[in-house]
Amino acid sequence: MSETSSPPINPTETTASSRILLDQVTKHYPGQSKPAVDGITLEIPAGKMVMLVGPSGCGKTTTLKMINRLIEPTDGRIMLGDEDVTNIDGDELRRRMGYVIQAGGLFPHMTVAANIAIVPKMLGWSKEKIKDRVDELLELVSLEPALYRDRFPRELSGGQQQRVGVARALAADPPVLLMDEPFGAVDPITRQRLQDELLRIQEEVQKTIVFVTHDFDEAVKLGDWIVVFSEGAHIVQYDSPERILNAPANSFVEDFIGAGAGLKQLTLNRVRDVELARSVTGSPGEQASQVLSRLKEAGLPNAIIIDQNRRPVNVLSRSQLTRLDVIPAKVNDDLPLVTEGSTLSDALDTMLVSSAGAALVTGRRNAFVGVINLEVVMDAITASRKASAVASDETPVGTNTDSLGVQGGPE
């Protein structure tokens, strides 16, 4: 067997995820002089998110679709754990892999619940088990089951459809999730929220995710590892986002990263990695005077109102609190929200768009965690730039290249 291109780790197999190995895989379409994918050898570690990037037509989507055999390889083998998928029935294989495309790919004549239940039904699950799983997954993707399970796709926004698409892909708890430009058809703000949601979900489910994108910023934000392809799915570099930014393998990778590589460093820093600002919370139905008293004691201007599930629903200033007897149950749909998995770049964008100078940070199940403000972000940016400068000085470009000419082989 040929030497395998893999990131510099030795992952541990888990029950929730499986390693994927493409061994000398080729796809040659009839009538084409060059193969779409030319002998790729690539290892996807279990439980990690690996991003496939490269110029248009380089073989990213073909590579992805060969993993679940929507496209049959011409040559080579593909391993899922210890099984050769080329020996598995194609339909059976696809039931074992979640698959998400642009706009969710939902069936328009079926309800949200029916869309999510497709694979569990094929697998013969009981109605009660399917119902419980649908509700569990809607909660996971932050859609209230009672509000959304009986809706049709036409009644959902683009972002909501995409969330349902992710829920459907996870329905039978597959070890692998394949995602083909899943967020490419939504607006930038929705795209950021969906990316954050995927990171949050991955923290909980730890699937092996292979994700095709044309957006290098998205690859840096989401990926544990990034594969940079040239034409024919030739691997130019397979490495961590940090190393690709700090030590691109060659001029092809440098050109693909493009201008502003320094600014892209901000995408490497997560909200969870910084110390959040102090905050004061209150709850609907609580005496406003009590919340105001806590605000004054803390020396803060605003209180974060959270519901019984600790989800942020409003922000009230001191002056607003003085005019209230009790905290109302009003929900503000325009709160500046980021998640613990959001990047500092996302947090900064959210603050600038809202003009709030701060953003509310949520964690698992959208529960309130704290507040991040401009001062916190600027301090983190300064520290990151200093660390990046040191790393660039210490890490020479072009080291650790394997016999395939791939940057970042096994260490």
Side-chain angles (χ1 to χ4, degrees), residues 6-7 9-22 42-53 60-61 63-70 78-83 85 88 92-102 104-105 115-120 122-123 125 133-134 136-143 162-183 194-213 218-219 221-227 238 240-241 270 272 339-341 363-365:
S6 59
I9 58 173
N10 183 23
T12 301
E13 201 84 10
T14 70
T15 56
S17 58
S18 293
R19 179 195 73 149
I20 301 169
L21 173 65
L22 289 82
L42 173 69
E43 180 179 352
I44 309 291
K48 299 298 180 181
M49 195 178 324
V50 174
M51 313 297 287
L52 309 185
V53 301
K60 303 185 296 290
T61 293
T63 298
L64 184 83
K65 288 183 175 180
M66 284 194 293
I67 294 174
N68 68 355
R69 288 177 50 207
L70 279 174
I78 301 169
M79 305 293 294
L80 176 62
D82 295 325
E83 289 186 271
V85 304
I88 302 173
E92 178 190 340
L93 175 68
R94 285 183 280 278
R95 292 188 193 114
R96 292 165 53 182
M97 293 186 181
Y99 186 54
V100 187
I101 59 175
Q102 279 192 24
N115 266 284
I116 295 172
I118 288 173
V119 174
M122 289 179 177
L123 296 176
W125 290 20
R133 182 62 173 163
V134 166
E136 177 189 6
L137 287 166
L138 286 173
E139 289 277 5
L140 183 68
V141 299
S142 301
L143 293 174
Q162 205 62 60
R163 288 168 189 256
V164 175
V166 172
R168 183 176 66 181
L170 292 170
D173 198 23
V176 171
L177 191 61
L178 306 179
M179 309 187 80
D180 191 5
E181 299 273 11
F183 308 145
L194 288 169
Q195 291 168 346
D196 291 344
E197 195 72 18
L198 179 62
L199 288 169
R200 183 189 63 76
I201 291 169
Q202 176 65 348
E203 282 186 359
E204 293 195 34
V205 300
Q206 291 293 296
K207 299 297 181 186
T208 304
I209 300 179
V210 188
F211 190 121
V212 168
T213 181
E218 181 169 67
K221 176 178 178 177
L222 296 180
D224 295 300
W225 306 100
I226 299 175
V227 185
Y238 186 12
S240 67
R270 307 287 177 180
R272 70 167 67 90
T339 70
E340 290 180 296
R364 292 187 65 176
R365 307 300 185 189

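Side-chain contact check for Ile116 versus Leu138: some heavy-atom pair is nearer than 4.5 Å. Taking the side chain as every heavy atom from C-beta outward, Val205 and Leu140 approach each other to under 4.5 Å. Leu170 has its side chain out of reach of Val141: every pair of non-hydrogen atoms, C-beta onward, lies at least 4.5 Å apart. Considering only heavy atoms from C-beta on, Arg96 comes within 4.5 Å of Ile88 through its side chain. Considering only heavy atoms from C-beta on, Gln202 stays 4.5 Å or farther from Leu222 through its side chain. With contacts defined as side-chain heavy-atom distances shorter than 4.5 Å, the pair Thr208/Pro175 does not qualify. Counting only heavy atoms from C-beta outward, the side chains of Phe183 and Gln195 approach each other to under 4.5 Å.
The two atoms that bring Met97 and Ile67 nearest to each other are CE-O, 3.5 Å, heavy atoms only. The two residues Trp225 and Ser240 come nearest to each other via the heavy atoms CE3-N, 3.3 Å. Between Gln162 and Val100, the closest heavy-atom pair is NE2-CG1, 3.4 Å. Between Val53 and Ala219, the closest heavy-atom pair is CG1-CB, 3.6 Å. Residues Ala172 and Leu123 come closest through the heavy atom pair CB-CD1, 3.7 Å. What you find for Pro174 and Ala169 is that their closest heavy atoms are CG-O, 3.2 Å.
Not counting sequence neighbours, the partners of Asp224 by the side chain to side chain contact (heavy atoms under 4.5 Å, CB included) test are Lys48, Met49.
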(request) Report the C-alpha distance between Glu92 and Arg95 in whole Å, list the side-chain angles of each, state the deciding distance to 0.1 Å, and finish with yes or no for salt bridge (Lys or Arg N to Asp or Glu O under 4.0 Å). (result) CA-CA 5 Å; Glu92 178 190 340; Arg95 292 188 193 114; over 6 Å; no
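The distance from atom CG of Leu64 to atom CE of Met179, rounded to the nearest 0.5 Å, is 10.0 Å. Taken to the nearest 0.5 Å, the OG atom of Ser142 stands 10.5 Å off from the CG atom of Leu194. Atoms CZ and CG, from Phe211 and Leu178 in turn, are 12.0 Å apart once rounded to the nearest 0.5 Å. With values rounded to the nearest 0.5 angstrom, Met79 atom CE is found 11.0 Å from Leu22 atom CG. Taken to the nearest 0.5 Å, the OG1 atom of Thr339 stands 8.5 Å off from the CZ atom of Arg200. Ile78 contributes atom CD1, which lies 8.5 Å from atom CZ of Arg69 (distance to the nearest 0.5 angstrom).
Applying the side chain to side chain contact (heavy atoms under 4.5 Å, CB included) test between Leu80 and each of Val85, Ile44, Asn68 identifies Val85 as the sole match. Of the candidates Ile209, Thr213, Val227, Met51 forms a side chain to side chain contact (heavy atoms under 4.5 Å, CB included) with just one, namely Thr213. The residue from Val212, Leu52, Val210 that alone fulfils the side chain to side chain contact (heavy atoms under 4.5 Å, CB included) condition with Asp180 is Val212.
With respect to the salt-bridge test (charged N to carboxylate O, under 4.0 angstrom), the residues Glu218 and Lys221 do not qualify. Salt bridge annotation for Arg270-Asp196: absent, with no cationic side-chain nitrogen under 4.0 angstrom from a carboxylate oxygen. Using a cut-off of 4.0 Å between Lys/Arg side-chain N and Asp/Glu carboxylate O, Asp82 and Arg19 are scored as not salt-bridged.
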